[in-house]
Amino acid sequence: MKKIAIAAGLASLAGIAAAQSKVEVFGVIDTNITRLTGTGTSSKLGLATGGANISRLGFRGTEDLGGNLKAGFWLEAGLDSDTGAGKAAGSTGLGFNRRSTVSLLGDFGELRLGRDDSASFLSTLIFDPFLTNGVGGTGAFSILGVPAAGTSTGGAPIQISNALSYLLPASLGGFYGQAQLAFGEHTKAEPNKNQGDYRGLRVGYRQGPFNGALAMGRFYGDSPDNNISASNLGLSYDLGVVKPMLLWAREKRGALKVTVLQLGATAPLGPGELRASLGHYNTAGSDANWNKVALGYGYNFSKRTQVYGTLAYLKNKAGANRAIGVQGLSATGAATGGKSTGMELGIRHFF
């Protein structure tokens, strides 16, 4: 009888929890076949991931606390769907590297704690026709190279750990914004006591077909010369038949400063979307510049399933040796002053 009573009590508690909370399992599986080439190197053919959207597995939920106050959580893990490997930092196991946050939400906005997208990264995604993905992605978030914690070879962070974020409420007539502070968690006695700290701010206005945002961030590296500043401005206007986009972004580390200006557009075409971009990348004080053009199309079988294809071409100036690479298939490289191409055909499915 006691066992029955305990079971009934547990069932009752479970029912209460279900009534108060909503938990959703979500994700993306995006896999493609890609061919990369580069001047002075052999071509490379293989499977890659994240050509249209980054592959991921996530869990998110909210609880109504009453008085227009909610609690929320979000756990999101990146995947290499071409190999099945997770993207946990420093390993191939599954870890919530993309987002791991808990929040309080209300009329005041949202207070969010944990690992999240950096404030200075988001616009480089939203105002890129390719959402930074695949061979066509602008790569405006990594113009100083793949982010590497503020070392002499890395750029600004995409996601940032130990972050405290405040987001404006959605009731401000189209205005939105985010302030973000992340802690490197070093002691004050250390010479590099600020290493890993991040300060970011993003403000924007979205109303009808118009969207515009300005963002800036500062990441503290392992020395003052390796501190990174990132800033960007994005604009778009949906005309119905086409949505033009403009993205300006700059990253600076010490004396190295690289700026990108991208003109892009998306347009509905049949049951899918046409995507195009043209980008110019300028390295201050040198001829290490390059240009990139990309054209792609995604055919929607449904709201969840898309087949897509993209072509991209990159041309280096005399002092640059950039090459196109994608998640799951590294770049072949390119000779200084040479060119690089990328072609992909893939399938993306939301769940």
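Being a predicted model, the structure only gives us computed values, none of them experimental.
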Strictly distance-based, threshold 3.5 Å: is any side-chain N or O of [X] a donor or acceptor partner for the main-chain N or O of [Y]?
{"X": "Q195", "Y": "N192", "answer": "no"}
{"X": "N227", "Y": "Y220", "answer": "no"}
{"X": "T283", "Y": "A288", "answer": "yes"}
{"X": "D80", "Y": "G86", "answer": "no"}
{"X": "N133", "Y": "L131", "answer": "yes"}
{"X": "N282", "Y": "N289", "answer": "no"}
{"X": "T41", "Y": "G38", "answer": "yes"}

Angle between ring planes, [X] versus [Y], binned at 30° and 60°: parallel, tilted or perpendicular?
{"X": "F141", "Y": "F121", "value": "perpendicular"}
{"X": "F351", "Y": "H349", "value": "parallel"}
{"X": "W74", "Y": "F26", "value": "perpendicular"}

- prompt: Is NZ or CZ of R348 both nearer than 6.0 Å to the six-membered ring centre of F350 and within 45° of the ring axis?
  reply: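 Judged by the rule, R348 and F350 form a cation-pi pair.
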
Of the non-hydrogen atoms in [X] and [Y], which two are nearest, and what is the gap between them?
{"X": "L247", "Y": "S123", "result": "CD1-O, 4.0 Å"}
{"X": "D128", "Y": "G139", "result": "OD2-N, 4.4 Å"}
{"X": "A77", "Y": "R98", "result": "C-CD, 4.1 Å"}
{"X": "S43", "Y": "T37", "result": "CB-CG2, 3.7 Å"}
{"X": "W248", "Y": "T259", "result": "NE1-CG2, 3.3 Å"}

Which pairs pass salt bridge (Lys or Arg N to Asp or Glu O under 4.0 Å) with one or both residues in [range], sequence neighbours excluded?
{"range": "residues 41-60", "answer": "E24-R60, R56-E76"}
{"range": "residues 286-312", "answer": "none"}
{"range": "residues 317-341", "answer": "none"}

field: Residue from D238, T138, T266 passing side chain to side chain contact (heavy atoms under 4.5 Å, CB included) with M245
entry: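 Output: one option passes, namely T266.
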
query: Hey, which of I54, D82, T34, I29 is the one that makes side chain to side chain contact (heavy atoms under 4.5 Å, CB included) with T49?
result: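 The option that passes is D82.
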
Non-hydrogen side-chain atoms of V260 and T124 separated by less than 4.5 Å: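 No - every pair of side-chain heavy atoms lies 4.5 Å or more apart.
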
- prompt: Who passes ring pair (Phe, Tyr, Trp, His ring centres under 6.0 Å) against Y281, sequence neighbours left out?
  reply: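 W290.
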
query: Roughly how far, to the nearest 0.5 Å, is OG1 of T341 from CE of M343?
result: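 Those atoms lie 5.5 Å apart.
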
Contact list for residues 268-280, test side chain to side chain donor-acceptor pair (under 3.5 Å), sequence neighbours left out: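 For residues 268-280, and leaving out neighbouring residues, the side chain to side chain donor-acceptor pair (under 3.5 Å) pairs sorted by first residue read E273-R275, R275-Q306, H280-N291.
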
task: May I have all residue pairs that pass side chain to side chain donor-acceptor pair (under 3.5 Å) and include part of residues 155-178, sequence neighbours excluded?
output: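 Applying side chain to side chain donor-acceptor pair (under 3.5 Å) to every pair that reaches into residues 155-178, excluding sequence neighbours, yields R115-S161, D117-Q159, S165-Q180, Y176-N211.
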
- request: Check the side chains of Y198 and S120 for a donor-acceptor pair under 3.5 angstrom, ignoring hydrogens and angles.
  value: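 Yes.
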
